[in-house]
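We number each residue from 1, following the sequence as shown. Because the structure is predicted, anything quoted here is derived from the model rather than measured.
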Amino acid sequence: MASGKPIGVFDSGIGGLTVFRSIVEQLPGYDYIYLGDNGRAPYGNRSFKTIHQYTWECVQWMFKQGCPLVVLACNTASAKALRTIQQQDLPKEYADKRVLGVIRPTAEVIGNYTQTKEIGVMGTTGTVQSGSYLIEIEHFFPELKVHQQACPLWVPLIESGEYDKPGADYYVQLYIDQLMQQSPNIDTILLACTHYPLLKDKIKAYLPAHVSVVAQGDIVATSLADYLNRHTGIEQILTKKGNRQFYTTTDDTSTFDHHASLFFNDEVKSEYVDVRKGCE
C-alpha cells in the first residue's frame, strides 16, 4: 500500500487517467495514488444513492492510504456524490480532509471558449440528468445557452477497447447529430466525461470545422495547481517524491493495465484492491 501523503485521483474506471495525466504533467513532483473502480463501472446509469455509496467507499479507502486530498476525476461522481461528501460526510468523519471534483473548475472557464454563447455538453446519463453543469455554468456565465446530450454507450465502448474501431463511428455520429439538432449555433462542445477524449478525433470528424471540442484534463490540472497555491496548509503536508501508484477494483489487472496505459500515455502497473474492506 501507499506511504506518505499523496494526492488521490479517483474515477469509476480508466477515464480519469486523462485528467491524471494532465495533473502529473503540470504538477510532476507530488506523490499520487490513482484508483479506478472498474469492478463496478460504469457509474453513468446508476442511482444517486449507489453512486454516492461507491464513491464514498473509494474516497475513504484513499484516505486510509494517507491521502489528505482526493480529486474525483469522474463527472458522474462529481455530479451525484461530491456535494453530499463535502457537506455531510467530511464534516462528520474527516474534517481535515478535502475532496474536489471536475465540474466546477470546468464551469468556471467554459464560457471563454465560445463566440456564439451556445455550447453543447456531452456526458453520461447520470451527469446530464443531474443538471450539475446547467447549475454551475449558469452561476459563472448566465448569458450562455447550454444544450445537453447523454451518450450512454460511449463509456462501454471505451472501457471495452472498441473506441478506435470502425464500429464506434455509428454511436459517435448518433449522439453528435442529436446534439447538433438542438441548435445550429453551437460552436463549442464540452466533453463532460473523462473517458471521452479517446473519442475526440472521431467526434471532430462528425462536426463542422468551426465547432471546437474541449476536454477537461488541462482545465482541472490548472485548477488544482491554483487550489494548492491558495491552500498552503494542505500543500505543505503533501509528500513530494514523484511516486505514482495505481489501483483497481477489478481482479483482471492485466486488462486494466493495458487500457490504462493508453489513457495515461505511459506504462501502468496496477494492484487489485477491495475498497469495501477499508470501510467495514
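Ring pair Phe246/Phe264: centre-to-centre distance below 6.0 Å.
Atom CD of Gln178 sits about 7.0 Å away from atom CD of Gln181, to the nearest 0.5 Å. The distance from the CD atom of Gln149 to the CG atom of Leu190 is 13.5 Å, given to the nearest 0.5 Å. Distance check: Ile119 CD1 to Ile110 CD1 gives 5.0 Å after rounding to the nearest 0.5 Å. Of the inter-residue distances, the one linking Ile7 atom CD1 with Arg244 atom CZ reads 11.5 Å to the nearest 0.5 angstrom. Residue Leu228 holds its CG atom at 6.5 Å from CG of Leu27, rounded to the nearest 0.5 Å. In this structure, OG on Ser47 lies 8.5 Å from CD on Gln53, to the nearest 0.5 angstrom.
Judged purely by atom type and a 3.5 angstrom limit, Lys165 uses its side chain to pair as donor or acceptor with the backbone of Gly161. No donor-acceptor distance shorter than 3.5 angstrom exists from the side chain of Ser12 to the backbone of Asp37, with no hydrogens or angles considered. A donor-acceptor distance shorter than 3.5 angstrom exists from the side chain of Arg46 to the backbone of Arg40, with no hydrogens or angles considered. When atom types are taken as modelled, the side chain of Gln182 and the backbone of Gln148 share a donor-acceptor pair closer than 3.5 angstrom. Asp31 places a side-chain N or O within 3.5 Å of a backbone atom of Asn243 that can act as its donor or acceptor partner. No donor-acceptor distance shorter than 3.5 angstrom exists from the side chain of Ser78 to the backbone of Ile103, with no hydrogens or angles considered. Within the 3.5 Å criterion, the main-chain N or O of Gly39 finds a donor-acceptor partner in the side chain of Thr249.
Listed here is the closest heavy atom pair of Lys5 and Gly66: CD-O, 3.3 Å. Between Leu262 and Arg21, the shortest heavy-atom distance links the atoms O-NH1, 4.3 Å. Counting all heavy atoms, side chain and backbone alike, Ser130 lies closest to Phe48 at CB-CZ, 4.0 Å. Across His195 and Ile14, no two heavy atoms sit closer than the pair NE2-N, 4.1 Å. The two residues Leu100 and Leu224 make their nearest non-hydrogen contact at CD1-CD1, 4.2 Å. Between Ile219 and Thr106, the closest heavy-atom pair is CG2-CA, 3.9 Å.
Counting only heavy atoms from C-beta outward, the side chains of Tyr30 and Ile23 never approach each other to under 4.5 Å. A 4.5 Å side-chain heavy-atom check between His259 and Glu159 finds every atom pair outside the cut-off. Using a 4.5 Å heavy-atom cutoff, the side chains of Thr55 and Tyr43 are in contact. Side-chain contact between His231 and Glu235 is absent, with no heavy-atom pair separated by less than 4.5 Å. Residues Pro152 and Tyr175 form a side-chain contact, since some pair of their non-hydrogen atoms from C-beta on lies under 4.5 Å apart. Within the 4.5 Å cutoff, the side chain of Tyr196 has no heavy atoms near those of the Val213 side chain. The shortest distance between side-chain heavy atoms of Phe20 and Asp11 does not fall below 4.5 Å. Annotation: side chain of Arg98 is not in contact with side chain of Leu90 (no heavy-atom distance under 4.5 Å).
Within a 6.0 Å radius of NZ in Lys204, no more than 12 heavy atoms belonging to other residues, nucleotides or ligands are found. The 12-atom threshold is not exceeded at CD of Gln115, counting heavy atoms of other residues, nucleotides or ligands nearer than 6.0 Å. Sparse packing is recorded around NZ of Lys241, with 12 or fewer heavy atoms of other residues, nucleotides or ligands lying under 6.0 Å away.
Hydrophobic clustering, with ILVMFWY side chains joined whenever heavy atoms are under 4.5 angstrom apart, groups Leu199 together with Leu207. Under the 4.5 Å side-chain contact rule for hydrophobic residues, Phe63 and Val9 do not share a cluster. Both Val70 and Ile51 belong to a single network of hydrophobic side chains, linked directly or stepwise wherever heavy atoms of I, L, V, M, F, W or Y lie under 4.5 Å apart. Taking hydrophobic clusters as Ile, Leu, Val, Met, Phe, Trp and Tyr residues chained together by side-chain heavy-atom distances below 4.5 Å, Tyr272 does not share a cluster with Phe256. By the criterion of side-chain heavy atoms lying less than 4.5 angstrom apart, applied directly or through intervening Ile, Leu, Val, Met, Phe, Trp or Tyr residues, Tyr163 is grouped together with Tyr171 in one hydrophobic cluster.
In this model, no donor atom of one side chain and acceptor atom of the other lie less than 3.5 Å apart for Ser270 and Thr248. A donor-acceptor contact closer than 3.5 angstrom is absent between the side chains of Thr194 and Gln216. Looking only at atom types and distance, the side chain of Thr116 has no donor-acceptor partner in the side chain of Asn185 under 3.5 Å away. With no hydrogens or angles considered, no side-chain donor-acceptor pair links Asp251 and Thr253 at under 3.5 Å.
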Applying side-chain contact (heavy atoms from CB on, under 4.5 Å), run through Arg104 and His139 and close with a yes or a no. CA-CA 10 Å; Arg104 188 178 183 89; His139 178 72; 4.3 Å; yes
Could you go through the side-chain contact (heavy atoms from CB on, under 4.5 Å) check for Thr124 and Asn75 one step at a time? CA-CA 8 Å; Thr124 66; Asn75 282 272; 6.0 Å; no
How far apart are the C-alpha atoms of Met180 and Ile189, what are their side-chain angles, what is the distance that settles it, and do they pass the side-chain contact (heavy atoms from CB on, under 4.5 Å) test? CA-CA 10 Å; Met180 297 305 293; Ile189 291 179; 4.2 Å; yes
What's the verdict on side-chain contact (heavy atoms from CB on, under 4.5 Å) for Gln173 and Tyr170, showing C-alpha distance, side-chain angles and the deciding distance? CA-CA 5 Å; Gln173 184 177 14; Tyr170 172 82; over 6 Å; no
Begin with the C-alpha distance, continue with both residues' side-chain angles, and end with the deciding distance and a verdict on side-chain hydrogen bond (donor to acceptor under 3.5 Å, both in side chains) for Asp252 and Ser254. CA-CA 6 Å; Asp252 185 7; Ser254 61; 3.1 Å; yes
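In this structure Glu162 satisfies the salt bridge (charged side-chain N to carboxylate O under 4.0 Å, His left out) test with no other residue, sequence neighbours excluded.
Screening Tyr34, Phe10, Trp61 against Tyr247 for a ring pair (Phe, Tyr, Trp, His ring centres under 6.0 Å) leaves a single residue, Trp61.
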